[in-house]
Amino acid sequence: MSILKKQDSKIYKAIVGELKRQQEGMEMIASENYVSEAVLEAIGSILTNKYSEGYPGKRYYGGQEYIDVVETLAIERAKELFGAQHANVQPHSGAPANMIAYNAVLKPGDKILGMDLSHGGHLTHGHPMTLSANIYKFIGYKTDAKGKIDYKELEKMAIKEKPQMILAGFSAYTRQINYKKIAAIAKKVGAISMFDMAHIAGLIAGKALPSPVPHFDIVTTTTHKTLRGPRGGMILCKEKFAKAIDKSAFPGFQGGPHDQVVAGKAVAFAEALKPAFAKYAKQIILNAKVLELELKKYGFKIMFGGTDNHMVLVDVFASKGVSGKEAEIALDKIGITINKNMIPDDPRSPMDPSGVRIGVPAITTRGMKEKEIRKISEWINRAIENHASEEILKEIHKEVISMCGKFPIYKNLM
Ligand code: DSN
C-alpha cells in the first residue's frame, strides 16, 4: 500500500489503525470474519473498473470476456457448494438480496410471514422502519418460552393470514430450524418459501449444519459472515424462479454488478469447497457450545436455552444487572468486540437492550479452540462483573492482546 501511503496518508493511517485493531482485538461480532488474502486481492483488483449490466453471455456493454469467466465461475462454484439449481451472485449485500427476492415473486401489498426481530429475525424481515415494510405487509412469528419456534402456532397463523410468502432465517436466533416443517406449512397454504441463511451459510457450506436449499423455493445469503467471503450477497433458488430472480436483480433493483466482489465471492466459494473449510465449520460449532456452557457456569442466562450454531444471545441484564450497552462498552475496553442485542420481547430500548450477542466465527478463523474459549469466557465474565473498574479492564485487555498475538492474522499485509 505504499502508493496510498504517499498519496492519501489520512486514509492510509485509518486502514493501518483498523488492521491493528483487528490484529490485537478479539472479533466476536457474530456476523464478522477475516477473509483470506486471496479474497482481499480479488476485491482490490482492477475488476472494479468494469461495467457489466446483464449476465454472462448477455451483457449490455462490450469487453466482457474476462468478466464472464469470473461470474460464471462464481455461479458454478456457488451451485456446487450448496447443491443449488440456480445462483445469482450479483446482489450487493444481504438487504438488497432480500429486496430482490421479494420483488421477484411478490406484488406490493402481499403478505409475508417472517420471524419477529426481537425473537432473532432480521430488520429486512419486516421491521416497520424498512422499505420492505412499506411495500409488503409483514406478520411476525415468535419463539416459545423454551426458545423454539412454535410450529403449530406458525401453521395457525399461516392458515389464518394466507401469506404469499413464509420467510425463515435470522440474525440472532441460535437454534436449528425445522426446514421441512416450515416448507410444508408454506406448501399447505400456497405460499412461496424463502430462507435467509446469511448467518449460517458457512456452517451449511461446511456441512456442520443441514442445508435449507433442498427445502425452500428461494434462499438468500450474505457472503461475508460464516462463509468468510467478501462483503456481498447471493440468491439461490429453484430453476422455476431463476428468470424472475435474475430480472429482479437486474434491471429490477440494481445496476452493474460489483465485478471485483463477484471475483472475491468465486475465490471464497472455492475455499469453502475444500476439506479445511469443513473442519473450520465444525470447530465453530464446538467453540460456540463451549462458550454457551462456560457462560452458563458463570451464571449467565443464555437465550433460547443454548445454541446449535455459531453464536449465543445472552441476557446480561437479568444475569448480572448490567445492560447490553454497558456490557458492550466494558468488553470493548478489554479488546473483545461484540454487540448489544435485543432479547425476545425486550422491555428495554434497542439502543440499550438487555442482551448481547457473541459469536465465534472470526476467532475460530484465527485458530482458537476450546481451550481459548474457556479463557475468553472467564474474561467476559470478569469484565462484565467489573465493568466499572478501569484498572481490572486494563489488566484483562493486556491478556487479550497477548492471546491475539499467539493467533496472528494478516502478518505480511502492510
Ligand atoms: N448486521 C448483520 C448482523 O450483524 O447480523 C445482519 O445484517
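Residue numbers count from 1 along this sequence. Atoms within a ligand are numbered from 1 in the order they appear, just like the ligands themselves.
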query: Are K289 and E292 within salt-bridge range, i.e. N to O under 4.0 Å?
result: yes
query: Salt bridge between D144 and K148, side-chain N to carboxylate O under 4.0 Å?
result: no
- prompt: Using the ring of each side chain (for Trp, its six-membered ring), is F195 parallel, tilted or perpendicular to F170, with breaks at 30° and 60°?
  reply: perpendicular
Residue contacts for ligand 1, heavy atom to ligand atom, distance under 4.0 Å: S31, H122, S171, H199, K225, R357
field: Among H310, H224, H122, the one residue meeting ring-ring contact (aromatic ring centres under 6.0 Å, His included) with H199
entry: H310
task: Report yes or no: is the cationic atom of R228 (NZ for Lys, CZ for Arg) closer than 6.0 Å to the six-membered ring centre of F277, at no more than 45° off its axis?
output: no
- request: Verify the distance criterion only: is there a donor paired with an acceptor across the side chains of T365 and Y280 at less than 3.5 Å?
  value: yes
